[in-house]
Amino acid sequence: MNKLEHLAIIMDGNGRWAKKRGWNRTKGHEKGVETVRDITIHCSKIEEIKTLTLYAFSTENWKRPKLEVNFLMKLLERYLKNEEPTYMKYGVKFETIGDLEPFSKGLRKVIDNLKEKTKNNTNLKQYIALNYGSQDEIVRAVNSLVKENIEVTTDTLTNALDLPYSIDLLIRTSGEHRLSNFLLWQVAYSEFFFTDTLWPDFSPNELDTIIDNFKNRERKFGGI
Ligand code: FPP
């Protein structure tokens with residue numbers, strides 16, 4: 001049976017979830033935050049899952065209407081401010097991947113604060129991808145090696161990435177079958193699972209079913 005240590009999720013479908021109900025897209029993001037909380041808590045209770053990496057805001061998401069981008073920033077700030085007790089209760093260590101430079105000083109402070117407060121938690125490490133793009137991550141990593149005159153090898157490049165770990169299982173919700181610039185290097189030998197469920201409807205029960213499916217797959221890592 002496969003061991004699931006690192007789960008990554010492309011959380012997609014918030015907008016469609018809201019539109020289906022005749023609501024503004026922002027309602028879908030609000031409901032999506034509840035799913036983030038539920039799935040994080042659930043993963044913290046599954047002993048073998050050590051790391052959960054979630055795609056929240058890509059380097060391309062700045063192209064969305066300004067109102068939606070501003071809403072997402074405020075929502076993220078509210079979430080990070082409110083969730084500290086949950087992270088402490090369930091032993092979740094909060095981390096980010098991506099380039100935080102374009103975010104406001106206020107938001108970066110809230111991000112740093114939650115990282116600092118949760119740094120000794122050990123049940124689950126949660127990485128939230130913010131202004132993250134895999135191509136950008138790889139370019140930044142290569143440039144940092146070149147700057148320090150370090151030879152680029154598989155190991156040195158992996159270690160220079162924001163997320164220097166491989167992914168066991170990658171899930172994308174909402175029926176899209178794309179990677180959308182997420183963890184291109186880290187998914188070299190990952191198992192993929194695509195579900196039609198929209199992110200706000202994704203549940204711990206469905207995650208358990210997907211994990212069962214993953215456990216019974218044959219992983220060969222290039223061998224036979
Ligand atoms: C995809 O739905 C979702 C996003 C681009 C943002 C994900 C954000 C959240 C789940 C909420 C905020 C996150 C945190 C961690 C507080 P979409 O808008 O692309 O939906 P669509 O494809 O149906 O339009």
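Everything numeric here is computed off the predicted structure, so don't read it as measured data.
Ring geometry for Tyr55 against Phe182 counts as parallel: the plane angle stays under 30°, on a 0 to 90° scale with 60° as the upper cut. Ring pair Phe57/Trp62 is perpendicular by interplanar angle, where above 60° counts as perpendicular and below 30° as parallel.
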List the steps and the verdict of side chain to side chain contact (heavy atoms under 4.5 Å, CB included) for Phe202 and Ile210. CA-CA 11 Å; Phe202 191 71; Ile210 295 172; 3.8 Å; yes
Run the side chain to side chain contact (heavy atoms under 4.5 Å, CB included) check on Asn213 and Thr209 step by step: do they pass? CA-CA 6 Å; Asn213 173 292; Thr209 306; over 6 Å; no
Show the numbers, then the answer: is there a side-chain hydrogen bond (donor to acceptor under 3.5 Å, both in side chains) between Lys81 and Tyr79? CA-CA 5 Å; Lys81 275 184 179 158; Tyr79 169 84; over 6 Å; no
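Taking CD1 of Ile97 as the reference point, atom OH of Tyr132 lies at 5.0 Å (rounded to 0.5 Å). Atoms CG and CD1, from Leu207 and Ile9 in turn, are 6.0 Å apart once rounded to the nearest 0.5 Å. Here the CG-SG distance, from Leu7 to Cys43, works out to 5.0 Å after rounding to the nearest 0.5 Å. The line from CG of Asn82 to CZ of Arg37 is 8.0 Å long, rounded to the nearest 0.5 Å. Considering NZ of Lys215 and CD of Glu191, their distance stands at 12.5 Å, rounded to 0.5 Å. Atom CZ of Arg172 sits about 4.5 Å away from atom CG of Asp12, to the nearest 0.5 Å.
Under a cut-off of 6.0 angstrom, the local environment of NZ in Lys27 is sparse, with at most 12 non-hydrogen atoms contributed by other residues, nucleotides or ligands.
Here the side chain of Lys50 pairs a donor or acceptor atom with the backbone of Glu47 at under 3.5 angstrom. Under a 3.5 Å cut-off, the side chain of Asn131 and the backbone N or O of Asp99 do form a donor-acceptor pair.
Put simply, Leu72 and Leu100 are part of the same group of oily side chains (I, L, V, M, F, W, Y) that touch within less than 4.5 Å, one to the next.
Counting only N and O atoms by type, the side chains of Thr26 and Asn24 include a donor and acceptor under 3.5 Å apart. Side chains of His6 and Ser166: a donor-acceptor N/O pair is absent below 3.5 angstrom, by distance only. When only modelled atom types and interatomic distance are considered, Ser134 and Trp185 share no side-chain donor-acceptor pair under 3.5 Å. Side-chain N/O atoms of Glu5 and Tyr165 include no donor and acceptor closer than 3.5 Å. Using modelled atom types, one finds a donor on one side chain and an acceptor on the other under 3.5 Å when comparing Thr195 with Glu206. Checked by atom type, the side-chain pair Tyr87/Lys89 shows no donor-acceptor distance below 3.5 Å. For the residue pair Thr96 and Lys115, a side-chain donor N or O sits within less than 3.5 Å of a side-chain acceptor on the partner. In the model, Lys117 has a side-chain atom that pairs as donor or acceptor with a side-chain atom of Asn113 under 3.5 Å.
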